[in-house]
Amino acid sequence: MSFLKTDISFLKGVGPTRAERLAKELNVKTVEDLLCIYPFRYIDKTKFQKISDLRSTDDVALIKGKIRSIEKVQSAKRQSRLTALLLDDTGAIELVWFQQIKVISEIIKTNTEYIVYGRVNSFGGRKSIVHPEMEESGAQIDMHKTFDPVYSSTEKLDAIGLDSKGRRRLIKAILEKLSPSEIEENLPQYIIEKFKFPTRFQALEWVHFPKDEAQKNLAQNRIKFEEFFFLQMQLLHSKAKRKTILRGIVFEKVGHTFNTFYKEKLPFELTNAQKRVMKEIRYDLGGGFQMNRLLQGDVGSGKTVVALMCMLLAIDNGYQSCLMAPTEILATQHYEGITNLVADLGIKVAFYTGSVKGKARKEILAGLEDGSIDIVIGTHALIEDTVVFQNLGLSITDEQHRFGVAQRARLWYKADKLPPHILVMTATPIPRTLAMTTYGDLDVSVIDELPPGRKEITTLHKFETHRPQVLEFMHKQIALGRQIYVVFPLIEESEKLDLQDLQQGYENLLQYFPPPNFQISVVHGRMKAQAKEFEMKRFVDKQSQIMVATTVIEVGVNVPNASVMIVENAERFGLSQLHQLRGRVGRGAEQSYCILMSGFKLSKESKERIATMVRTNNGFEIAEADLQLRGPGEIEGTRQSGVTNFRLLNLIKDHSIVSTARLMAEKVLESDPNLAHETNLPLRKYLMSIANPMSNDWGLIS
Ligand code: ADP
Ligand code: MG
């Protein structure tokens, strides 16, 4: 067995206890696992700071100085501590320990020069470093190595000597034992030359122990490139495979159903963007290969009608379709909207969710199996094995960010012959870099135009002190015949408290909008589906003027007469959530408003989020801002998929590496789709080694 695959407990200096900790805290099991945790920072030992230059909090400092005095402070009230005063020729700083006082007091000496590293605190003008990393400056093991790696650690690891210092020793031991031949090159020579990359072995060595900034950058760039490049190779390859070997159903006809709908039923003219997207989709559907397309369009851009027209095409060609929505309410709205639009067209549309039971359920299942149902609209209940189609030709998923990537794939297997065409619709615009990772294997269409006549929604930020004006504004809007949403946050951990908030908010509103003149609907996630439905319907039918709700209404709900969205505790919502919520209004001809209510105390990030909402209505701009604020790992839908868990690469900061790697992957596969050329052998070998053994990836494309 290779050294890299060796159990970490056998590495000298580790042993069973530390091995267990490493597994628990860092998921490290083998030597390779540990080697592939890269430093997140380095200490540049050529650059000492002067103590007088240190500017308090959060500055990480590297200083060189002598210890003047050491003092043990024992106090009955407070935790005892050890302090040492460190001096250089510009000033003094206090070093403080709360733990291992005895051990440390025995080690450190006065009048000896130390190199000290740590985070600087400042209390009342006095600078200090708590639990610094330090070593005698004369006793440096490696004076020629001027960059010390710093690894992210945990208290538990620090406690057993696996802090950065301890980890450095282990990594050094690994690198010493490792022979270059064990790190097989995984990039072709022409790529290495093109980008002047170090070898793979060299990069590993340098990323841990660079001699200088230049080596560090070379190593990091190569590793970052690898991270994105190989992911893209996999995604692009599966896309290419789909387009070349996976035969798809051909929808060749544009027939009676589609034409009748288009000419006689469609209540408006399609926007140019909708027309363009229809063209793109029709090209896919007729091409003989399986469609796998992501349809992005901001809230209200009119994705539903595009979906419907695709389903009508399926019918004209003798196939069934399904439309899957993330919630019951949304599925219901789709069902009602679509049955209205296709009335008298002679097609059979069914509704199927978990709450459809008994005889109705049996009938639908039978209808899907014998092919008498043309379109089924529902929730993820459609994925269950009990649902069998006679000839599913098209599967559409709405608001994809609520579904996992794995769920998306499951619908493929619903067809026993050729896989159905897949259309994924999302109203959460995804920044380009993210789309490349999460949906890198999909083709993308964008509806970048709203239907005509929409008025820009006016967004305002108001504090609690403005409450009277807000209430007055609500009264005026209701007098004009409009309806209003009032949304409260609901976050799982504090569900109870939040429901109290909502209840309280509802009761307050009742005082200002008393029955019988006013009616208020309430909808939240804890309600039974039926009760929810009932309350929703009262609002849709204009029986109630105000809807108090949690974010269950976030996605998809369509009540054109509702023109005011009030978001309570807006600081607790994410940007994309706020944008979705705002998308619930501005659907009719009236001027619409979104009022973001918040407390006075706002974090910098909350302020930025709210300011972004007030500034722009553009979903793509908001998505970019969201990505900047939160980082890619937090964007909904990508977290579960795990594709953004890069070790070194940062999708935002390293965007130039991202696009270079993507381009390179495209180029390589374009000229050698099977990686059959001898020059690409390292690539092929490596990709096969990391491929899922079940997926038969990197089988030949013929
Ligand atoms: P979303 O993309 O958010 O799912 P919908 O499909 O719900 O948007 O469409 C929003 C509203 O716009 C619906 O009431 C729909 O009937 C209407 N709509 C869609 N396309 C057009 C169009 N081309 N012209 C006018 N109204 C349209
Ligand atoms: Mg929609």
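When reading the values below, keep in mind they use all heavy atoms of this one structure, side chains included, and skip hydrogens, waters and symmetry mates. Whatever order the structure lists ligands and atoms in, that order sets their numbers, starting from 1.
- Of the N or O atoms in P451, none lie within a sub-3.5 Å distance of an N or O in ligand 1.
- For the pair F473/H466, no side-chain contact is recorded, criterion being any heavy-atom separation below 4.5 Å from C-beta on.
- Those atoms of ligand 1 that come under 4.0 Å of a heavy atom in E269, given as number and element, are 22 (C), 23 (N), 24 (N).
- At a 3.5 angstrom cut-off on N or O pairs, G297 does not count as close to ligand 1.
- Atoms of ligand 1 found under 4.0 Å from any heavy atom of Q274 (numbered from 1 in listed order, with element): 19 (C), 20 (N), 22 (C), 23 (N).
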Show the atom names and distances, to 0.1 Å, of all donor-acceptor pairs under 3.5 Å that link a side chain in residues 314-325 to residues at least two apart or in another chain.
{"from": "D316", "atom 1": "OD1", "to": "T257", "atom 2": "N", "distance (Å)": "3.0"}
{"from": "D316", "atom 1": "OD1", "to": "T257", "atom 2": "OG1", "distance (Å)": "2.7"}
{"from": "D316", "atom 1": "OD2", "to": "G255", "atom 2": "N", "distance (Å)": "2.8"}
{"from": "D316", "atom 1": "OD2", "to": "F258", "atom 2": "N", "distance (Å)": "3.0"}
{"from": "N317", "atom 1": "OD1", "to": "E252", "atom 2": "N", "distance (Å)": "3.1"}
{"from": "N317", "atom 1": "OD1", "to": "K253", "atom 2": "N", "distance (Å)": "2.9"}
{"from": "N317", "atom 1": "ND2", "to": "K253", "atom 2": "O", "distance (Å)": "3.0"}
{"from": "N317", "atom 1": "ND2", "to": "L313", "atom 2": "O", "distance (Å)": "2.8"}
{"from": "Q320", "atom 1": "OE1", "to": "Q390", "atom 2": "N", "distance (Å)": "2.9"}
{"from": "Q320", "atom 1": "OE1", "to": "N391", "atom 2": "N", "distance (Å)": "2.8"}
{"from": "Q320", "atom 1": "NE2", "to": "L368", "atom 2": "O", "distance (Å)": "3.0"}
{"from": "Q320", "atom 1": "NE2", "to": "I373", "atom 2": "O", "distance (Å)": "3.0"}

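- Pairing each heavy atom of V585 with each of Y593, the nearest pair is CG2-O, 3.9 Å.
- Note on ligand 1: Q333 sits outside its first shell, no heavy atom being nearer than 4.0 Å.
- A salt bridge is defined here as a Lys NZ or Arg NE, NH1 or NH2 lying under 4.0 Å from an Asp or Glu carboxylate O, and K265 with D344 meets this definition.
- Taking R538 as the reference, E535 meet the salt bridge (charged side-chain N to carboxylate O under 4.0 Å, His left out) condition, with sequence neighbours excluded.
- Taking 4.0 Å as the cut-off between side-chain N and carboxylate O, K532 and E328 do not count as a salt-bridged pair.
- Of all the heavy atoms of K275, none lies under 4.0 Å from any atom of ligand 1, so neither backbone nor side chain is involved.
- Under a 4.0 Å criterion applied to the non-hydrogen atoms of T271, ligand 1 contributes the atoms 23 (N).
- Ligand-side atoms of ligand 1 in range of L270: 23 (N), range being under 4.0 angstrom from any heavy atom.
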